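Within every chain, numbering begins at 1; the chains are lettered A, B, ... in the order of the sequence lines, protein sequences first and strands thereafter. What you see is a predicted model; the values in this text were computed from it and never measured.
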Amino acid sequence: MHLAYPAVLAVLLFSVGVYGVLARRNVILVLMSVELMLNAVNLNLVAFDVWLRDTLHAGQALTLFTITIAAAEIGLGLAIVLLVYRTRRTAAVDEVTALGDRHEADGQGADDQGADDHEAADAAKEQAAA
Amino acid sequence: MSTLLAAAGPLEPAARSYLSPTGQEVVFLLVGVLVLGAAVVSVTTRRLVHAALWLVVALGGLAVEFLLLTAEFVAWVQVLVYLGSVIVLVLFGLMLTRAPIGRSPDADSGNRPAALAVGLASAATLVTLVVDAFRSSWIDLSGAAGTTRVTGEYLFSHWVLPFEALSVLLLAALIGAIVLSRTQGGRARPRAGKLRTAPTKPKER
Amino acid sequence: MTTAHDLGQPFMTPLAVADPGGLIQSVDWVAVAPPLIAALAALAVLVADLFLPEARKRLLGWLSAAGLLAALAALIPLVGDARSTFCFTGPAGGCSYTADHFALAFQLLALGGALLTVLLSLHTVDGAAPNSGSAAGLPGGEYWFLLLSSACGAALLPAARDLATLVIALEVATLPGFALVGLRRDGRGAESALKFFLSSVTATAVMLLGVSFVYAAAGTVQLQGIADGLAHAPGQLKPLAEAGAVLTLVGFAFKTAAVPFHFWVPDTYVGAPLPVAGYLSVVGKAAGLSGLALVTTLAFRPYGHTWGLVLAVLAALTMTAGNTAALRQRADTPHGAVRLLAWSSVGQAGYLLVPLAAAGYADSAEPLGATVAYALIYGLVNLGAFGVVALVGGSGRLDGFRGLAGRNRWAAFALAFFLLCLAGLPPGVVGLFGKVVVFRSAVDAGLGWLAVVMAVNVVIALAYYLKWTALLFAPSAGEAGEAGEAGEPAATRRTPAGLGAALGLAAAGAAVLSVAPQLVLRVVSGSLF
Amino acid sequence: MNLLDTLLRCVGTLVAFLVLPLVVGQAEHKVMAHMQGRLGPMYAGGFHGWAQLVADGVKFVQKENIVPAGADRKVFQLAPAVALLPYLLVLLVIPVGPDGMVGQVVDAGIFFVLAVMGVGVLGALMAGWASANKFSLLGALRTAAQLMSYELPMLLAAASVAMAAGTVSLPGIVDAFHWWWVPWQLIGAFVFFTAGLAELQRPPFDMPVADSEIIFGAYTEYTGLRFALFLLSEYAGIVVLCGLTSVLFLGGWHGPLEDDLGWLWTLVKTFALAFVVLWLRVTYPRLREDQLMRFAWTVLIPLALAQLALTGIIKVAIS
C-alpha cells in the first residue's frame, strides 16, 4: 500500500479536528474534535510503524498509549464539563468567562463568585419551575 | 478476520503505482472517504447527538483502517475503548447537559470562517508536506505486525515503563473524575428507602 | 524491507525473541526509586483514606509529606554516575529511563516543589479553607493522591529518554492537575479547570502529531536515536522532520506557558486553590521545561539553529508579554495578587527559556545548567511567595497587602524577601545570581539582542515587584474601610503549622542560597547528561 | 478457505442467530409458567404451544410502527439495529465444535467479543435519547451507566481465563481447557456470568428497563417490529452470554465423544446456562439502582481481581 494514503487521510482528519476545535461552541463538541485529532495521530503512528517494520513497534505501542490517554482525558474532561454545567448552567465555551482579565473597574467586590453561584442557582430554579 | 480481508484483495503488493491500486488500497480509500465524510459531518452538524453518532462512524471506520494495516490488536482496542467507552461517555455528557432533539443553537461559535481558514490552511500545508515526503514510499503489508501475541511481546519487552506510568495516569483520571462529579458534601446523603431523620439541606454554599 | 533501504532507514531485523527469559525488561529499582516512591505514596494515601476515620484524616497530609521526603532521600544514592534502566533488548539498544545529573536536578525541583506544596496546602485541605472564598474545603484523600501522582509524573519526566515515556510522563504530570484545579468544585474552579483542560488537550494532540512525524522521519522514538536518525534522514523527509520538531515543541511550550500558549495561565491560577496554583507555576512549569530541554538538546540536536532561533523569539515574547501584563495589574482587582504572580511566572518562564535557546546556538548542552539553576531558585522563591499570599488570604487584592508589615511582620518580611529574589535585587542575591547566569549564557551564545531584551524586562519587572514590596510597608490607609473585605481576621490569625514550616523552609533556603549561591550555581559548571 | 466456505459459515451463523433466541424465548415462556404453577402458552401450533413466538412475531409485524412526533426519526429508527447487530457479530466467532466449527476465527477472540458487545450500549442510548421521552432518557442513562460499570468485571474475568490458557483466541482457550479449570476459575465464571446478566439487563438486574418502574426505560416509545427487534436482541444476548460462558469457563465442546458430538456439548452447556438465566428471573427480586452500582464496584470487581491474582499464582506454581 502506498504510504501516502494513510498519511494524507490522517492529516486531513487532523485538519477537520482543528476546524472543529476552533469552530465549536459546545465544550463536548470541542472534546470530540480533539478526539478526531488524536485518532488522526493514531492512524499516522500505525501506518509509520508498519512502514518502518519497527522491531520495537514504537508506533503501535504509542498508539495504544494514546488511546488510553484519550480515554483518561475524556473521562476527566466530561467530569469537568458537568461540574461547569452544574455551577454555571451552560456548556458553551464562550459563556465561561467570569475569570477574564478585567481592566475596567468592576464594583462587585470580593464575593462576585458568590453572586455568580446564586445566579446560577436562581436560573436553575426558574428552569425547574418552567 | 483474515479471510474476510483476503477476500478483499491480494496481500502481495502487485504493482507499485498510483494508477493500478491493489484491492486493499481500494478498500482503504473507500473506507477513508467514509471516515473523512463522517468526520466532516461530525464537526459541522448542529445536532449534538448526531455529531457524536457520526463520530462513531468515523472512529469505527478507523478501526477498519487499522485492520487493513495489519494492526489487529490496535483495531480491537480502538473499538473497545472508543466505541464502547469514550463515545458512550460523550453521549452521556451530551444528555446530561440537556442535548435537545433537533438543531442546537449553541453548537457553533461565531468564528467559523476563521476556523475554516485555519483548518483549510493546515490541511493544505500538511497534505503538501506529507505527499512530498512519502511520494515514493510503500508499505509492505505481508507480515502480521499486530497480532495479539506480537503486541504482548513488544509491550512487555520494550515498553514496560510507559505502561506502568499509564496505570498511574488512569487511576488519577478515575479518581479525579469521581471526585469532581461528586456533589459537595455528598458523602453522607440519605439512601433511598431509609427514613430521613432530618431534612437534609446542603449547608449554605 | 526494500522500502527501508531505499530511504536510508537503519536496517531492522524482523521480530525475534532472543531468549524467553529476557522478555521482560530488567529494572534497576534504585534508579527509578524517586518517581516510584511518589507513586507508591499516592497509592498508600488513597488506601489510607478509605480506612482512616474522619477525625484522623489530617494524618494523610503528613503521610504525603513523608512520602515525598522519602522520594527526595532516594535521590541521594543516585548522585554521581548516571544510571540507566528499562533498556531495550534489541540491536538498537538505548534505555527508557536515565538518572543523570539533569534528571536528578529536575527531580529535586519536582519533588521538592511538591513537598513545599503539601506543606502549604495542609491547612487549606482540612476543614473550611478561609481564604478560598467558599465554605467548602477540599476532599483530603483525593487531593493528596492527585498531587502525589502529578509529582510522580513530573519526577519521571526528566529521566525519560524516549518520546513515548516522555509524552506519558507529561500527561501524568498534567492530568491530575486538571482535577486539582477544579477540586473545590465551585464555579470558579470549574471554569479554571475547563480552560486549563481544553487548551492542554489540544496542545497534546498537536504535540502527538509532531511526534508521529518525527517518528516517521527518524524511525525511532528514542531521543538519542532520533538525533542519529534525523542527522542521516534522506532529504525528502527533512521538511517533515522539521515540521514534526516544531509541532512537538508546541506541546512543551504550552506546558511551560510560553507566549503564545500562555493565555490559560492567569485564569487557571486564579480559579485554582492557591497551593495548587503555586504547584502549577513551579512543578508544572519545571515538567514542561525539562521535557523541552530533553527534546531540543537530545533529540533535535541536528536542527539546533532552527529551534534555537524559535526558542529565542519565544523567550523574548514570553518575558515581554508576561512582564507588561504583570505591570498593568491594578491594585484593586479581585485576586490581583495571584494574577500578578501568574503573569510574573509567565515572565519568568521567558528567562528560563533563554539558556535553552542559547543551547541551540552553542550546539551543546552546556547552557542548560543556567536553566536548571534558575529553575531551582525560581521554584523555591515562587512557592514561598504563593505561600505568603495564601497566608494573607482575603480577597487577594493587592490592596489587601497594604501595611502588612504592621499586622504580620514576619509574613511581610518573607514576602518582601521573596519578591526581591524574584526581581533579582539585594538582599535577594540568589535571584540576582540566577539572572546573571542566564544572561551570561545568552551572551556567550552570541544572542546579544536577547540579552538586551532580557535586561529591559528585568527593569520592567523591578517596577511591579518593588511596587508590591513598597505596598507591604506602606501605612494602612483607611483601616476601617479595608478591614472588612481585605481579610483582616485572616492576617491576624495564628499561622498554621504546615504553612509556617513551608514558608520557613522556603525563606531559609533562599537565604542560605543568597549567602552561598555557589551551592546551586555549581550545577552550571558540571556536565548534565 | 474460499468464498463459498465463508458464505456458508455466514449463513450458518445467521440461521443460528435467528433460531436459538426463539428457542430460548419459548423456553422462557414454558419454564416460567411451570415454575409458577401455570401452563403457559398451549394453543399456538398445537403441541404445547410451540409456535407461540412465531405467532408473536407475526403479530409484531402487523402492528403499526409508530415514531413519536417529537422524536429524532433517523436515530429512533436506527437504534434497534445498533442494539442487535453486535450480537450477530459476536455469534460469528463463538466456536461450537472442534476443528474449525466456528463462523470465523479471530486471533484476538476475547477482545473482539468484549469490544463488539460494548458497542451494543449505543443502541440503548440512541433509543432513549431519540424517543423524546424523559422516562426513556432516564432509562437509557441508567442502562449506559450499568453497562459501563459491568464491562470492567467482565473484562477482568475474561482476562483471567486468557491468562490461564495463555491465549486470547476462543478456540485456543477451549483447546487448552482441562476439567480442573472449572473449580480454578469458579469465581471468574460467577463474575463473568453475573456481569453478563447485568449487561443484558435481565432480572434481577433489570432496573433500567423495568416496566413497573420506568415503563420499559429506553424502549417505552417503541412498537411493532422495532420493539420485537429489541426483544430479539435480549434473547440473542442470552444465547451469546451463555455460549461465551460455556466456551470460556465450562470447556465448550469438551465431553464424552467430543470428536463427534462436540457441537452438541456446547449447545447443551449453553442451554443449561440459559435455563439458569430464566430461573433467576423467576427467583430473585429486582435490585435497586444504587444497589446495582454498588454490587458491580464493591463485589464483582474485587472478586474479579481476586480471581486474577489466584490465576496468576497458580499459573506461576504450575510452570
Quiz item: Between A/V11 and chain C, which part of the residue has a heavy atom less than 4.5 Å away: side chain, backbone, both or neither?
Solution: side chain
Self-check item: Listed partners of A/L82 passing side-chain contact (heavy atoms from CB on, under 4.5 Å), at least two apart
Solution: B/L96, B/T97
Exercise. Hey, could you give me the OH/CG distance between A/Y85 and C/L194, rounded to the nearest 0.5 Å?
Key: 14.5 Å
Quiz prompt | Point-to-point distance, once rounded to the nearest 0.5 Å, from CD1 of A/I69 to CG of C/L208 | solution = 6.5 Å
Quiz item: What distance do C/F213 atom CZ and A/L45 atom CG have between them, rounded to the nearest 0.5 Å?
Solution: 10.0 Å
Quiz item: Is a donor on one side and an acceptor on the other found under 3.5 Å between the side chain of C/Y215 and the backbone of A/F48?
Solution: no
Could you list the donor-acceptor pairs under 3.5 angstrom formed between side-chain atoms of residues 165-173 of chain C and any protein atom two or more places apart in sequence or on another chain?
| from | atom 1 | to | atom 2 | distance (Å) |
| --- | --- | --- | --- | --- |
| C/T165 | OG1 | C/D162 | OD1 | 2.9 |
| C/T165 | OG1 | C/D162 | OD2 | 3.1 |
| C/E171 | OE2 | C/T204 | OG1 | 3.0 |

Practice problem: Taking the side chain as every heavy atom from C-beta outward, state whether C/E191 and A/T87 have any atom pair closer than 4.5 Å. | Solution: no
Quiz prompt | Residue, of A/L62, A/V34, A/V41, A/T68, that accumulates the most heavy atom pairs under 4.5 Å with chain C | solution = A/V41
Quiz item: Rounded to the nearest 0.5 Å, how far does OG of C/S192 lie from CD1 of A/I80?
Solution: 10.0 Å
Quiz item: Does A/V81 reach the side chain of C/F197, with side-chain heavy atoms less than 4.5 Å apart?
Solution: no
Self-check item: Top of C/L163, C/V221, C/L209, C/V201 for chain A proximity - count of heavy-atom pairs under 4.5 angstrom
Solution: C/L209
Practice problem: Of all the heavy-atom pairs spanning C/A179 and A/L76, show the shortest one and how long it is. | Solution: CB-CD1, 4.1 Å
